[in-house]
Amino acid sequence: MRVPLSWLREYVDLPATETGRDVQAKLISAGLEVETVEQLGADLKGPLVVGQVLTIEELEGFKKPIRFCTVDVGRANGTGEPQEIVCGARNFAVGDKVVVVLPGAVLPGGFSISARKTYGKTSHGMICSADELGMGDDGTHGIIVLPPEHEVGTDAIELLQLVDEVLDIAVTANRGDCLSIRGVAREAAIAYGRPLLDPALLDVPAPNAYGYPVKVSDPFGCDRFTARTVTGLDPEARSPIWLQRRLQKAGMRPISLAVDITNYVMLELGQPLHAYDRTRVQGAIGVRRAERDEQLTTLDGVTRTLSTEDLVITDERGPIGLAGVMGGADTEIDDTDGTTTEVVIEAAHFDPVAIARTARRHKLGSEAARRFERGVDPQAASAAAQRTVDLLVLLAGGTADAGVTEVVAPSAPRTITIPADHPDKVAGVTYGRETVVRRLQQIGCDVYGTDELIVTVPSWRPDLADPNDLAEEVIRLEGYENLPSTLPRPLPGHGLTDRQRLHRRVGRALAGAGYVEALNYPFLGEAVFDQLGVDADDPRRTVVTLVNPLSDEEPALRTTLLPGLLGALRRNDGRGSHDLALFETGLVFRPTGHEQVPARLPADRRPTQEQLAALDAALPRQPRRVAVVLAGAREQAGWWGEGRPSDWADAVEAARIVAREAGAELIVRADQHAPWHPGRCAALYVRVDGEEVLAGHAGELHPRVVKAMHLPERTCAMEIELDLLEQAGDGIVRAPRISSFPVATQDVALVVDKPVPAAEVEAALREGAGELLEAIRLFDVYENAEQLGDGRKSLAYALRFRAPDRTLTVDEASAARDAAVALAAERTGAVLRG
């Protein structure tokens, strides 16, 4: 909503020294979002005057029409002689009054005017268009031709109201009253403590039986309809400059006098209006729902097929307008032929939901619909119709018909009961009853009661529906900036849950290991499963599809984190970052097939526990997962030596990092699972309640997947379920005890068959070594058929032994080592090398 400050001052006696910036600060403090203050004419400098064209000479021999004019500007040029001006426009004639800028002036944009020679003549100034003066679109696309009554030499800056400040307010959906000068003026009056000169306080004649006949068939869709008639309009009358300028400053284009007046009153009072050419309306005006497949040609020339939910304005022929959205072409006031001398004014109040749905259904975002869907003051309809009639009589020489039609559906004012101290409890500040009552009365409420207040809500504030709404009004008018900044005091024992702590620890651990977090949208397209090589019966293909997705290409919720992470890796690689290690933690959505459609929850009370449980049961399973992807170098090359590319072992190590943070034992086994390489894929298991449970996979991606998704060669990935790790873990990870006794290290090399996993050998060694074993590490894998035999490999482990209460002897360390080797030999067939 664009609000010219000069217009606002008509209804609020603002201090003369207040600038647009000052008013902006006041309104922002009151809760309105004033985005900008536009300074109109800030860099405009005269002389800019009214002139009259005396002669026009057409200059020949140029590529475009050029005219050499003499213009009478009075004494504005200091001599009283006609001003010689070269002009290319052709929409004016001898005798027309125009706007002339003289040498020495500066136009908007810093364009200085001086005498200059052009087209063989010397031009002493310019004849101006609306665009050159920063007035916006006036619909003429040419030189401004003024009405003949303005005197030559008059200051055009004041005449055209070129200097002003315009507040641009982003009106929220609940404050439809502020889509009018009246509503903003009310807020300004409260902010400055000044009285409001309400433009809606007019003497309105009572309805009678002589008005234009109106029949409302849907009182729920239209609870108020006012019709007034004006006859004897001068078809040649045009909108005065002041009216055109106010519309332009508010962002609207002048069209014709009758239409301009309805737009002006809409901006002034917030009540949308429509003017019908009375001679084109046949029979009584009606309001009803459209019939199936009924059609209407709207003012934009589009023939629309109507829905049975659309509210329409009709006459005896059928629809003549989309109620609250746009009028029909059949009853349009045609300003081109100058034949409209009688108009019927419509000022009605329509159901906001019906208007909003109609506007969206037909993709018609009109100014009227924008106001109706946010809530219009139903009590302002009669005043808006009267204001329109008064302006038509004043500016178009019309005569107001004595008949007044008003169809009103009975309704009672809305009342809200609120404890007097409720705003105090909401804000945590003691306002007191007097402050609460005063602030509520300022916004137009009637307040009764002492400890328990009975508040009657004003008709222009349909957004006030419960005590919290009233509390918000008190708080915002007292100033949000006056609320103290206090930190909440959590009760003992409250804070992060174990799941949240694990989530944070995992993120910190992966970041410490060199991974960068990448947050992705939780959406995917089902075509990505084909790229990943996922089987048709894989559970990951069972997705939850959104009814209204952000993108038609990604309409489903993710069942795996990999598509988003791999997309991020591909984008970064394509932009020159080739050494990548990314991670993400987040929810995936796994429907079970047993979800039911939940019942609609009530809006007037808190849902019961049973209703909330039914709502939870309708949701898919949402486990939290963590995934990593790697490509390029894992260790950079430099003066310290050669680097190392990332491989499947790094992906497995990322899983171990996550498992360590959860305090869970990770079991790694070879596996084949899309989208991983069949020979470089590890299944990740954890023990939950004594049973091994599959938690995820890690390894190198399949070459076909790499090619299909345009990924770097040998891209690796890991994905594991964090909730399972939490169940398998020991809870809070405790710091290890530091022993003051020295460590005893024993190395052992075991020869096993190639298919035997190193993890199984390590598990046997760990169990056989007993409590003295502090750590075990695989440091070498050796394969040589000549020395070891076909199908055999050597695994070399470093075992660290330490006792918490003494220094171990060589015999104790050797005994523990031998016990470990013995159990490994029993379980895996390992043979001590050498």
Side-chain angles (χ1 to χ4, degrees), residues 1-45 48 106-111 129-139 157-158 160-192 194 196 199 241-254 263-264 266-270 272 365-371 373-375 463 472 476-477 479-481:
M1 176 67 188
R2 290 171 57 85
V3 179
L5 190 59
S6 59
W7 198 352
L8 187 65
R9 288 183 183 274
E10 285 194 6
Y11 308 129
V12 184
D13 184 20
L14 299 175
T17 57
E18 288 292 281
T19 65
R21 297 289 186 189
D22 299 329
V23 177
Q24 177 189 30
K26 285 281 189 180
L27 293 179
I28 289 176
S29 179
L32 293 186
E33 188 177 346
V34 186
E35 292 186 327
T36 60
V37 178
E38 185 177 351
Q39 307 286 336
L40 299 183
D43 52 354
L44 178 64
K45 176 183 176 183
L48 186 72
V106 179
L107 294 182
F111 182 54
S129 67
D131 188 54
E132 290 166 339
L133 296 178
M135 295 170 57
D137 184 11
D138 63 352
I157 295 178
E158 182 178 352
L160 299 177
Q161 304 175 22
L162 297 178
V163 179
D164 203 350
E165 294 180 278
V166 179
L167 309 177
D168 194 351
I169 304 176
V171 180
T172 53
N174 66 312
R175 291 304 304 271
D177 60 306
C178 289
L179 287 172
S180 66
I181 303 296
R182 179 195 184 201
V184 177
R186 184 180 291 108
E187 293 296 321
I190 296 173
Y192 281 94
R194 300 293 179 95
L196 171 68
I241 291 175
W242 65 266
L243 179 58
Q244 295 186 43
R245 288 296 294 137
R246 285 195 168 174
L247 291 176
Q248 289 171 341
K249 292 176 185 178
M252 302 190 75
R253 181 172 63 87
N263 286 336
Y264 177 83
M266 178 184 68
L267 292 171
E268 184 179 53
L269 301 181
S366 66
E367 289 290 333
R370 185 172 171 230
R371 285 163 173 80
E373 65 188 12
R374 284 167 172 78
D463 59 306
E472 181 184 6
R476 75 174 181 88
L477 293 178
Y480 290 118
E481 68 276 8

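Excluded from the calculations below are hydrogen atoms, water molecules and symmetry mates; all remaining heavy atoms, backbone and side chain alike, are included.
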Engineer: Is there a side-chain contact between Tyr192 and Val23 in this structure, where contact means two heavy atoms from C-beta onward sitting under 4.5 Å apart?
Structural biologist: yes
Engineer: Donor-acceptor pair, distance only, cut-off 3.5 Å: does the side chain of Gln24 make one with the backbone of Val34?
Structural biologist: yes
Engineer: Take atom CD in Glu158; do more than 12 heavy atoms of anything else shown fall under 6.0 Å from it?
Structural biologist: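 No, because the 6.0 Å sphere around CD of Glu158 holds 12 heavy atoms or fewer from other groups.
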Engineer: Ignoring hydrogens and geometry, is there a side-chain-to-backbone donor-acceptor pair from Glu132 to Ser129 under 3.5 Å?
Structural biologist: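 Present.
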Engineer: Ignoring hydrogens and geometry, is there a side-chain-to-backbone donor-acceptor pair from Arg371 to Leu179 under 3.5 Å?
Structural biologist: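 Answer holds: yes.
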Engineer: At their closest point, which heavy atom of Asp164 faces which heavy atom of Ser6, and how far apart are they?
Structural biologist: OD2-OG, 2.5 Å
Engineer: Would a distance-only check, ignoring hydrogens and angles, find a side-chain to backbone donor-acceptor pair under 3.5 Å from Arg374 to Ala369?
Structural biologist: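 Side chain of Arg374 to backbone of Ala369: no pair is present.
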Engineer: Report yes or no: do Thr172 and Glu33 form a side-chain donor-acceptor pair below 3.5 Å?
Structural biologist: no
Engineer: Taking atom CG of Asp131 as the centre, does the number of heavy atoms from other residues, nucleotides or ligands within less than 6.0 Å exceed 12?
Structural biologist: no
Engineer: Relative to each other, are the rings of Tyr264 and Trp7 parallel, tilted or perpendicular (30° and 60° limits)?
Structural biologist: parallel
Engineer: So how far is it from Cys178 SG to Leu32 CG, rounded to the nearest 0.5 Å?
Structural biologist: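 That separation rounds to 4.5 Å.
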Engineer: Consider side chain to side chain contact (heavy atoms under 4.5 Å, CB included). Of Arg246, Arg245, Met252, which one does Lys249 pass it with?
Structural biologist: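 Among Arg246, Arg245, Met252, the one meeting side chain to side chain contact (heavy atoms under 4.5 Å, CB included) with Lys249 is Arg245.
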Engineer: Minimum heavy-atom separation for Val171 to Met1, with atom names?
Structural biologist: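 Heavy atoms only, the tightest pair is CG2-CB, 3.9 Å.
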Engineer: Which atom pair, heavy atoms only, marks the closest approach of Glu187 to Ala30?
Structural biologist: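 Closest approach of Glu187 to Ala30, heavy atoms only: OE1-CB, 4.3 Å.
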Engineer: With a 4.5 Å limit on heavy-atom distance, are the side chains of Leu162 and Leu40 in contact?
Structural biologist: no
Engineer: Measure the CD-CG distance between Glu35 and Leu167 for me, rounded to the nearest 0.5 Å.
Structural biologist: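 It comes to 12.0 Å.
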Engineer: Of the non-hydrogen atoms in Ala250 and Pro4, which two are nearest, and what is the gap between them?
Structural biologist: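 Distance-wise, the nearest heavy atoms are N-CG, 4.5 Å.
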Engineer: Rounded to the nearest 0.5 Å, how far apart are CG of Leu5 and CD of Glu18?
Structural biologist: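 Answer rounded to 0.5 Å: 9.0 Å.
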Engineer: So how far is it from Gln248 CD to Leu160 CG, rounded to the nearest 0.5 Å?
Structural biologist: 9.0 Å
Engineer: Measure across Leu269 and Ser180 and return the closest heavy-atom pair with its distance rounded to 0.1 Å.
Structural biologist: C-CB, 3.6 Å
Engineer: Between Asp43 and Lys45, does any NZ, NE, NH1 or NH2 come within less than 4.0 Å of an OD or OE carboxylate oxygen?
Structural biologist: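 So Lys45 does not pair with Asp43 through a salt bridge.
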Engineer: Restricting to non-hydrogen atoms, name the atom on Pro254 and the atom on Leu247 that form the minimum distance, rounded to 0.1 Å.
Structural biologist: CA-CD1, 4.5 Å
Engineer: If the threshold is 4.0 Å, N to carboxylate O, is there a salt bridge linking Arg2 and Glu38?
Structural biologist: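 A salt bridge is present here (some side-chain N lies under 4.0 Å from a carboxylate O).
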Engineer: Quick one: CG on Leu48 to CG on Leu133, what's the gap to the nearest 0.5 Å?
Structural biologist: 5.5 Å
Engineer: By the definition side chain to side chain donor-acceptor pair (under 3.5 Å), identify the one residue from Arg194, Glu268, Arg186, Arg182 that meets it with Tyr11.
Structural biologist: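 Filter result, single survivor: Glu268.
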Engineer: With rounding to the nearest 0.5 angstrom, report the CG to CG distance, Asp22 to Leu27.
Structural biologist: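 Going from the CG atom of Asp22 to the CG atom of Leu27 covers 11.0 Å.
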Engineer: Within the 4.5 Å heavy-atom criterion, are Leu44 and Pro108 side-chain neighbours or not?
Structural biologist: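 In contact.
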